[in-house]
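What follows is one structure encoded as structure tokens, with my remarks underneath.
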Amino acid sequence: MFGFWKTWKALEARGIMGINRRNADYVLKYNKRSLYPIVDDKIITKERALAAGIHVPEMYGVISTEKEIDKLDEIIGGRSDFVIKPAQGAGGDGILVVADRFEGRYRTVSGKIISHEEIEHQISSILTGLYSLGGHRDRALIEYRVVPDQIFKSISYEGVPDIRIIVLMGYPVMAMLRLPTRQSGGKANLHQGAIGVGVDLATGLTLRGTWLNNIITKHPDTTNAVDGVQLPNWDGFMKLAAGCYELCGLGYIGVDMVLDQEKGPLILELNARPGLNIQIANDCGLTLRTHAVEARLEELKTAGVTETPEERVKFVQEMFGHIPPVEG
Ligand SMILES: Nc1ncnc2c1ncn2[C@@H]1O[C@H](COP(=O)(O)OP(=O)(O)O)[C@@H](O)[C@H]1O
Ligand SMILES: [Mg+2]
């Protein structure tokens, strides 16, 4: 804990963004209230993405009422793997990643065997709002289970790693790879115990890792180094993230993406209040970068021009990229 505090303090001098500044200067300023449902409800996000031609994990079905739980078998069809999640969930809570069938039951990605009744019960909890923001009634969505690209095999334990990019007015400002661990139960959420690893915006090379608020160099389960890994298709991820501004209209978002073995880059979800730990994994404060982007926006406004997603990516890569490898 002390180590974490020291790191945070050291970062303060380098433009670290705290929760108050994030809320006042970014979330409230750039995110229009009326647009929140687009990102706070994963079913709506999916519909928007599909309309914009952006790839997402295929949705098999939605369950909105207790009565509709009877439809579960029909929705799953003959499939042996799928994911059930609360449409308005956050932080990985309430998500069930089923990887296989086993003797009339199901096996989750972390190896737990569960019955059909247990799944029905989980859906029922989702509907009552157990996992939704503010405890409102929610819907359960059933979707394609992402199978991670082979590249992640050595640095990830079960489940699917995801790539989080913070995007200000369409400009990607900071990126992080999140790796599931034994502790996180196949989910890539830091609060569940996943590892966060910074990523160089220009090259897609991983920087250093943080786990449960400590700085780490190796994955605790696979013991392989988490830094110096080249993420494939990096410019593709950057453009995908940049384009999410046009998709949702919110000016300050965290874009979560995954790399599926067969389907390539997919958008998993968008967040209107992205977390701040990404700064530790990148050893860099967010405000240094958001201020640079805001200055750029001013400049463009004076000149009366706007930039395309490609131009925005080029700008941030030149401005913030090519970070030298971590020492020691
Ligand atoms: N379709 C999926 N296939 C496999 N794993 C998934 C899928 N959807 C979510 N996950 C895992 O669960 C984590 C959280 O999912 P996400 O959709 O981002 O919800 P939350 O809002 O709770 O963070 C992801 O980072 C990923 O590791
Ligand atoms: Mg998420």
Side-chain angles (χ1 to χ4, degrees), residues 36-46 49 55-62 75-76 79-100 106-112 122 125-126 129-134 138-149 152 155-167 175-197 221 237 241 244 248 253-278:
Y36 270 57
I38 300 173
V39 299
D40 282 347
D41 188 307
K42 293 182 170 71
I43 297 169
I44 303 177
T45 311
K46 248 189 224 297
H55 299 243
V56 291
E58 184 195 341
M59 188 153 73
Y60 298 149
V62 176
I75 292 172
I76 296 171
R79 297 179 186 97
S80 53
D81 65 334
F82 53 89
V83 171
I84 296 181
K85 64 170 86 166
Q88 298 180 48
D93 289 333
I95 299 181
L96 195 62
V97 183
V98 173
D100 209 353
Y106 297 96
R107 192 200 306 273
T108 72
V109 72
S110 43
K112 205 173 155 219
Q122 170 81 358
S125 301
I126 289 174
L130 188 61
Y131 307 108
S132 73
L133 291 159
D138 198 3
R139 296 183 285 173
L141 84 100
I142 297 103
E143 70 178 14
Y144 168 79
R145 176 177 74 106
V146 173
V147 180
D149 192 279
F152 299 116
I155 50 164
S156 171
Y157 186 83
E158 293 165 351
V160 184
D162 70 12
I163 292 163
R164 151 72 57 95
I165 301 187
I166 306 238
V167 182
M176 162 170 70
L177 170 69
R178 300 186 298 187
L179 303 167
T181 61
R182 184 189 294 263
Q183 185 160 338
S184 75
K187 287 167 219 163
N189 302 81
L190 299 188
H191 290 288
Q192 306 276 351
I195 297 173
V197 189
D221 305 311
F237 279 110
C244 283
C248 71
I253 49 171
V255 178
D256 290 355
M257 293 160 290
V258 289
L259 186 58
D260 185 83
Q261 209 171 50
E262 276 174 18
K263 302 180 193 298
L266 303 173
I267 296 269
L268 206 51
E269 65 152 344
L270 307 175
N271 290 278
R273 313 159 198 80
L276 297 160
N277 274 352
I278 192 169

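Indexing begins at 1, ligand by ligand and atom by atom, following the structure's order.
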Salt bridge (Lys or Arg N to Asp or Glu O under 4.0 Å) contacts touching residues 253-269 (sequence neighbours left out):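 Non-adjacent pairs meeting salt bridge (Lys or Arg N to Asp or Glu O under 4.0 Å): K42-E269, R164-D256, R178-D256.
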Residue pairs fulfilling salt bridge (Lys or Arg N to Asp or Glu O under 4.0 Å) with at least one residue in residues 82-93, sequence neighbours excluded: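 Non-adjacent pairs meeting salt bridge (Lys or Arg N to Asp or Glu O under 4.0 Å): K85-E143.
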Rounded to the nearest 0.5 Å, how far does [atom2] of [Y] lie from [atom1] of [X]?
X	Y	atom1	atom2	value
L133	D40	CG	CG	5.5 Å
L266	E58	CG	CD	11.0 Å
Y131	D138	OH	CG	11.0 Å
D81	R107	CG	CZ	12.5 Å
M176	I163	CE	CD1	11.0 Å

Donor-acceptor contact present, side-chain Q192 to main-chain G91, <3.5 Å: yes
S125 side chain to L130 backbone, donor-acceptor under 3.5 Å: no
Environment of the Mg ion (ligand 2) in terms of protein N/O/S atoms, cut-off under 2.8 Å: D256 OD2, E269 OE2
Per-ligand residue contacts, ligand 1, heavy-atom threshold under 4.0 Å: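 Ligand 1 pocket, heavy atoms under 4.0 Å: K42, V83, K85, G89, A90, G91, G92, I95, E143, Y144, R145, V146, V160, D162, G186, K187, A188, N189, D256, L268, E269.
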